[in-house]
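Single-structure report; data block below.
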Amino acid sequence: MKDKTNILLIYTGGTIGMIKDYKTGALKAFNFKELIANIPELNQLDCKLKGISFEEPIDSSNMNPEHWATIATMIEDNYEQYDGFVVLHGSDTMSYSASALSFMLENLAKPVIFTGSQLPIGDLRTDAKENLITSIQIAALQENGRPVVQEVGLYFEYKLYRANRTTKINAEHFEAFASLNHPPLVESGVYLNVHYANLLKRPTHNKPLQVHKVMDDNIAVLKLFPGLNRSVLKSILGIPGLKALVLETYGAGNAPMYEWFLQELKNAVSGGLLIINVTQCSGGGVAMGHYETSEKLKEMQLVNGKDITTEAAITKAMYLLGHKIYGEHFKKNFETSLRGEMH
Ligand code: ASP
């Protein structure tokens, strides 16, 4: 008989590990031991659990690429010893971190499941227990001695999604995340229902895990809105050192046709700025050239973000620029699905 599966919990912070200070009413971070002690149910799980923690657990609003590298290192250092990883993370920036990790962990063949909660673990009505327990069970799922999930996922409120397809859509509901352009990988009801067709195709030959920790943060995001004026656009495009701009356009990738607007973009592109066209809609994607209002963007060779989320676009750009991939090469790589983040 095979030994129990080994799962490593990585605690970074967030509401899941907080407790209410009943004197002040404010939420403060637990330490990891206290967190685990609050979920005695963990002892009943059919797997071996170990935990490691950020020295200082953080609210995820304070996350940055250095923290992502820390999480990547924790996974790299423990990759051989564990069958799966569960990362406890605040929900606010979870989609960014989980997307980033999906790019940083190349040839990943084990589950890395991000989860958190809307209510702290110490709260009577907490969603933390279900999220954590089911994430561990999903990370422990094996078939023919191999993990069922071999990618970075995000589990929240009964659904496991591909992490780089998710967005936080609600600040109050337990169902805080959506993945509008890719269906759930696993759904939790009476049974854990694995949707095999939605999982990333497993690697046929086992290439070793490669961990990429250099992310280039010389990027910006601009969401188009009616009334965006020339001087605002010009200053954003002219930011010194800016290498890529994620441009959130309307609908299927459309933008105004004003002469000045197109001219400013054209100048920036010819100066070497990589402009990525993503839609500001939550679902669907960019179809450049479908409308007159996106034809010019296509002619200008804007990078086609297709149906990628803004979170994945930002982290994919950081990852490619971190590899010093620029120009045509960047466009080609960005427009190719690297970790199932676009169709
Ligand atoms: N502010 C918290 C965080 O993202 C919210 C949460 O954990 O859900 O760290």
Side-chain angles (χ1 to χ4, degrees), residues 9-22 24-39 42 51-72 74-75 85-102 104 112-136 138-139 152-161 163-179 188 215 217 221 282 309-312 314-315 318:
L9 300 181
I10 298 175
Y11 176 48
T12 70
T15 300
I16 191 162
M18 292 182 182
I19 189 162
K20 209 177 210 148
D21 181 331
Y22 283 99
T24 63
L27 291 174
K28 55 174 198 194
F30 253 161
N31 71 35
F32 192 71
K33 278 209 185 103
E34 288 172 309
L35 173 75
I36 298 299
N38 263 265
I39 326 175
L42 291 177
I52 49 175
S53 169
F54 272 19
E55 241 162 72
E56 290 273 340
I58 56 169
D59 185 297
S60 78
S61 302
N62 291 318
M63 271 288 158
N64 61 42
E66 276 171 38
H67 294 118
W68 299 339
T70 304
I71 301 172
M74 287 171 155
I75 294 171
F85 303 85
V86 173
V87 182
L88 304 181
H89 191 290
S91 64
D92 288 348
T93 62
M94 194 188 294
S95 290
Y96 293 89
S97 298
S99 297
L101 265 294
S102 78
M104 294 164 107
V112 173
I113 313 292
F114 277 73
T115 195
S117 66
Q118 292 280 51
L119 281 176
I121 203 96
D123 193 291
L124 272 185
R125 292 193 306 109
T126 189
D127 52 331
K129 287 191 184 185
E130 199 285 320
N131 284 348
L132 176 55
I133 290 168
T134 310
S135 294
I136 296 170
I138 292 173
V152 182
L154 186 155
Y155 183 82
F156 229 85
E157 193 64 1
Y158 305 118
K159 290 194 185 87
L160 177 78
Y161 297 115
N164 58 31
R165 290 294 200 156
T166 61
T167 304
K168 184 169 180 184
I169 47 142
N170 202 298
E172 292 176 8
H173 292 174
F174 287 152
E175 194 167 351
F177 290 87
S179 162
S188 160
M215 302 290 262
D217 60 6
V221 182
S282 324
T309 61
T310 296
E311 291 87 337
I314 291 170
T315 51
M318 286 180 169

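Order of appearance sets the numbers: ligands from 1, and atoms from 1 within every ligand. All values reported here derive from a predicted model rather than from experimental measurement.
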Practice problem: Return the option from I58, D92, I16 holding the heavy atom at the smallest distance from atom 2 (C) of ligand 1. | Solution: D92

Practice problem: Say whether, by atom type as modelled, one donor and one acceptor occur between the side chain of D127 and the main chain of L119 under 3.5 angstrom. | Solution: yes

Practice problem: Look at E175 together with K159 and state whether they make a salt bridge at an N to O cut-off of under 4.0 Å. | Solution: yes

Quiz item: Should we count CZ of F54 as having more than 12 external heavy atoms under 6.0 Å?
Solution: yes

Self-check item: ligand 1 contact by A176, heavy-atom criterion under 4.0 angstrom
Solution: no

Practice problem: Would you mind running through ligand 1 and noting each atom that sits below 4.0 Å from a heavy atom of G14? | Solution: 7 (O), 9 (O)

Quiz item: What is the nearest protein non-hydrogen atom to atom 8 (O) of ligand 1, stated with its residue, atom name and distance?
Solution: S91 OG, 2.4 Å

Quiz item: Between W68 and M104, does a side chain to side chain contact (heavy atoms under 4.5 Å, CB included) hold up when you go through it step by step?
Solution: CA-CA 9 Å; W68 299 339; M104 294 164 107; 3.8 Å; yes

Quiz item: So is there a nitrogen or oxygen of D59 less than 3.5 Å from a nitrogen or oxygen in ligand 1?
Solution: yes

Quiz item: N/O to N/O below 3.5 Å, does that happen between T93 and ligand 1?
Solution: no

Self-check item: Donor-acceptor pair between T167 and S95 side chains, under 3.5 angstrom
Solution: no

Exercise. Below 4.0 angstrom from a heavy atom of T15, which ligand 1 atoms are there? Numbered from 1 as shown, please.
Key: 2 (C), 5 (C), 6 (C), 7 (O), 8 (O)

Self-check item: Shortest protein contact, atom 4 (O) of ligand 1 (heavy atom only)
Solution: S60 OG, 2.6 Å

Practice problem: Take V112 and I71, measure what side chain to side chain contact (heavy atoms under 4.5 Å, CB included) needs, and give me the verdict at the end. | Solution: CA-CA 11 Å; V112 173; I71 301 172; over 6 Å; no

